[in-house]
K.L.:
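Dumping the structure here so I can ask a few things about it.
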Number of protein chains: 2
Amino acid sequence: MKKNASCDGCPNKNCFIGHIQSPEWKLKLSNSKHLFIQKPGQHIFLEGNPVFGIYFILEGKVKVTISGKGNKEQIVRLAKDGDVLGHRGLGGDFYPINAIAMEETVLCFVENSLLYSAFIANSEFTFEMMLFYSGELRKAEQRMRYLAQMNVREKTADALLFIRDSFGINDETKELNVEINREEIAGIAGTSVGQIIHNLSDLEKQKIIDKTGKKIQISDEKKLREIVSAFYP
Amino acid sequence: MKKNASCDGCPNKNCFIGHIQSPEWKLKLSNSKHLFIQKPGQHIFLEGNPVFGIYFILEGKVKVTISGKGNKEQIVRLAKDGDVLGHRGLGGDFYPINAIAMEETVLCFVENSLLYSAFIANSEFTFEMMLFYSGELRKAEQRMRYLAQMNVREKTADALLFIRDSFGINDETKELNVEINREEIAGIAGTSVGQIIHNLSDLEKQKIIDKTGKKIQISDEKKLREIVSAFYP
DNA sequence: CGCGTCCTTGAACCGCGTCAAGCCAGGTGG
DNA sequence: CCACCTGGCTTGACGCGGTTCAAGGACGCG
């Protein structure tokens with residue numbers, strides 16, 4: 001682990017690192033076999049893999065995808081440090097999705113037996129976990145609607161905001177805090193690479209974004225949100 | 001309540017009626033204010049309503065929708081007796097979705113304080129609830145992919161199967177066990193009414209369905225599933 | 001019988017996916 | 001230091017598929 005991931009002051013309400021950093025858990029997890037590192041592009045688990053437990057991201061970024069027709073991958077979630085991974089497997093035998101590291105990622109694996117004993121011992125943890133699921137479900141169903149009803153321009157804007165809200169932007173440069181290519185953006189928006197490029201160009205002409213540099217800059221977040229405002233309360 | 005809903009032998013693994021029929025709960029819920037009836041078309045709660053608790057469906061059918069651009073409603077879930085309703089609100093302040101009765105529906109309302117006390121008292125209940133969320137999340141993310149990648153013909157077939165799997169069919173007549181109009185089917189498929197009608201006609205010509213009677217009959221379920229088989233493992 | 005609601009059909013328009021061709025930047029080797 | 005290659009990005013054109021709309025049919029109801 002490059003640095004000690006901390007949860008103090010973490011703005012992410014659903015951050016579980018606090019739990020796994022408690023003395024009790026630290027002892028259990030001190031065995032190094034629980035921690036491992038994935039390089040960018042490496043998969044953490046794939047659709048159909050048996051479920052042995054869940055993962056906590058200590059550091060890094062991960063995309064969660066569902067593989068579709070003709071090698072198209074639909075990105076259903078973006079996760080970063082403090083997030084849980086593989087929780088969709090819980091209660092089933094096989095993962096229904098793929099998890100792939102987007103950059104060097106440090107993971108903490110918690111095997112089923114340990115996890116279940118935590119659920120039994122700590123009902124508050126179970127409760128929090130349930131709330132976490134509730135929030136994820138809400139988000140997933142919202143995105144369902146976007147995919148069904150938005151046109152491509154709106155989907156493109158929404159995908160950018162989705163990335164922005166998942167990984168954040170640099171306050172100064174307004175660059176997205178992640179390296180992401182057109183294909184991945186298309187995978188989030190649920191459209192083709194061609195359309196993404198087309199619409200990114202349009203957005204740039206309107207000075208809403210800037211893609212001169214390597215990373216996309218969101219110059220005018222307000223206008224970007226206006227594009228999709230009809231879909232948000 | 002027209003008849004006493006029972007959970008015995010219920011094939012639905014996620015049926016919660018068993019819980020609320022335990023002696024402990026029966027006592028708590030014996031107060032009649034917890035039970036109420038909704039007529040078809042009446043809403044149980046709407047987007048933006050404050051969350052006071054959750055609901056269990058004792059009898060009837062309910063559609064869960066998200067209202068979209070231009071009065072289009074996207075149906076994200078179909079629920080029947082034994083299902084929970086309003087659980088998306090848990091952990092948030094307002095419902096993110098609408099719940100509307102599709103036929104006369106008997107509901108049991110469980111207010112937050114009662115629910116939370118159940119979570120504290122019965123960690124197994126919390127655990128089961130968590131697993132339920134996990135399953136719902138999985139389903140929602142699968143449907144996300146379908147909406148993004150299927151063409152209209154596939155969406156139409158998938159919508160029919162979605163209804164069939166949610167509410168079942170009459171074994172003899174092969175009719176869907178629910179009255180549902182074209183607009184609602186379009187809301188499930190995430191397409192327009194025109195396309196639904198067009199594709200239903202096509203499916204009828206191929207003798208896969210029959211819509212002579214009032215309710216749609218699924219004559220050849222196998223062929224219907226073949227249409228979408230590329231999307232299911 | 002007239003009215004309303006839901007369903008059906010067909011035609012016109014246009015948004016979107018696809019593809020071919022070219023651009024640019026970074027890496028590699030002579 | 002330049003020539004070449006490769007992979008990601010960009011642009012524009014084409015054509016299919018889907019949305020939308022208008023007009024009409026089927027059915028139930030007052």
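We name chains A, B, ... by the order of the sequence lines, and we start the count at 1 in each one. Please read these numbers as outputs of a predicted model, since none were measured by experiment.
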K.L.:
Does OP1 or OP2 of D:dT10 have a side-chain N or O of A:Arg182 closer than 4.0 Å?
P.N.:
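For D:dT10, OP1 or OP2 has a side-chain N or O of A:Arg182 closer than 4.0 Å.
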K.L.:
Do the side chain of A:Glu179 and the main chain of A:Lys215 share a donor and acceptor less than 3.5 angstrom apart?
P.N.:
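No: the side chain of A:Glu179 does not pair with the backbone of A:Lys215.
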K.L.:
Between B:Ala140 and A:Met144, what is the shortest heavy-atom contact and its length?
P.N.:
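So the two residues come closest at O-SD, 3.6 Å.
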K.L.:
Taking the six-membered ring for Trp and the single ring otherwise, decide whether the centroids of B:Phe94 and B:Phe45 are under 6.0 Å apart.
P.N.:
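Ring-ring flag for B:Phe94/B:Phe45: false, centres at least 6.0 Å apart.
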K.L.:
Expected output is a numbered-order residue list: members of residues 207-219 of chain B with a heavy atom under 4.0 Å from any atom of DNA chain D. What is it?
P.N.:
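Correct list: empty, so none.
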K.L.:
Would you mind reading off the distance between B:Asp202 atom CG and D:dG18 atom C1', rounded to a whole angstrom?
P.N.:
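So the CG-C1' distance, B:Asp202 to D:dG18, works out to 13 Å.
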K.L.:
Indicate whether OP1 or OP2 belonging to D:dT11 is found under 4.0 Å from a side-chain N or O atom of A:Ser201.
P.N.:
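Checking D:dT11 against A:Ser201, a side-chain N or O does come within under 4.0 Å of OP1 or OP2.
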K.L.:
For the pair made of CD1 in B:Ile197 and C1' in C:dT9, what is the distance, rounded to whole Å?
P.N.:
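Interatomic distance, CD1 of B:Ile197 to C1' of C:dT9: 9 Å.
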K.L.:
Between P on C:dT5 and CD on B:Glu179, what's the gap in Å once rounded to a whole number?
P.N.:
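Going from B:Glu179 (CD) to C:dT5 (P), I get 17 Å.
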K.L.:
Kindly give the heavy-atom pair with the smallest separation between A:Ser67 and A:Glu47, and that separation in Å.
P.N.:
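What the structure gives for the nearest pair is OG-OE2, 2.7 Å.
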K.L.:
Please state how far atom CG in A:Leu200 lies from atom C1' in C:dC16, giving the value in whole angstrom units.
P.N.:
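About 16 Å, once rounded to whole Å.
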K.L.:
From C-beta outward on A:Ser192, which listed nucleotide comes closest to its side chain: C:dT8, D:dT20, C:dT18?
P.N.:
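Looking only at side-chain atoms, A:Ser192 lies closest to C:dT18.
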K.L.:
Could you check how far CD of A:Gln195 sits from C1' of D:dG17, rounded to whole Å?
P.N.:
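So the CD-C1' distance, A:Gln195 to D:dG17, works out to 14 Å.
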K.L.:
D:dA13 P sits how many Å from A:His198 NE2, rounded?
P.N.:
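Going from A:His198 (NE2) to D:dA13 (P), I get 10 Å.
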K.L.:
Atom CD1 of B:Ile185 to atom C1' of C:dT8: distance rounded to whole Å?
P.N.:
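About 14 Å, once rounded to whole Å.
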K.L.:
Counting just side-chain N and O atoms, does B:Thr191 come under 4.0 Å of either OP1 or OP2 of D:dG18?
P.N.:
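Checking D:dG18 against B:Thr191, no side-chain N or O comes under 4.0 Å of OP1 or OP2.
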K.L.:
Whole-Å distance between D:dC9 P and A:Ile180 CD1?
P.N.:
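That distance rounds to 11 Å.
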K.L.:
Under 4.5 Å between any side-chain heavy atoms of B:Arg153 and B:Thr156, yes or no?
P.N.:
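No, side chains not in contact.
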K.L.:
Please name the pair of heavy atoms, one in B:Lys155 and one in B:Met150, separated by the smallest distance, quoted to 0.1 Å.
P.N.:
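Closest heavy-atom pair between B:Lys155 and B:Met150: CE-O, 3.5 Å.
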K.L.:
Decide yes or no for A:Asp83 and A:Val62: does some side-chain heavy atom of the first lie under 4.5 Å from some side-chain heavy atom of the second?
P.N.:
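The answer is no, as the side chains (C-beta and beyond) never meet within the 4.5 Å cut-off.
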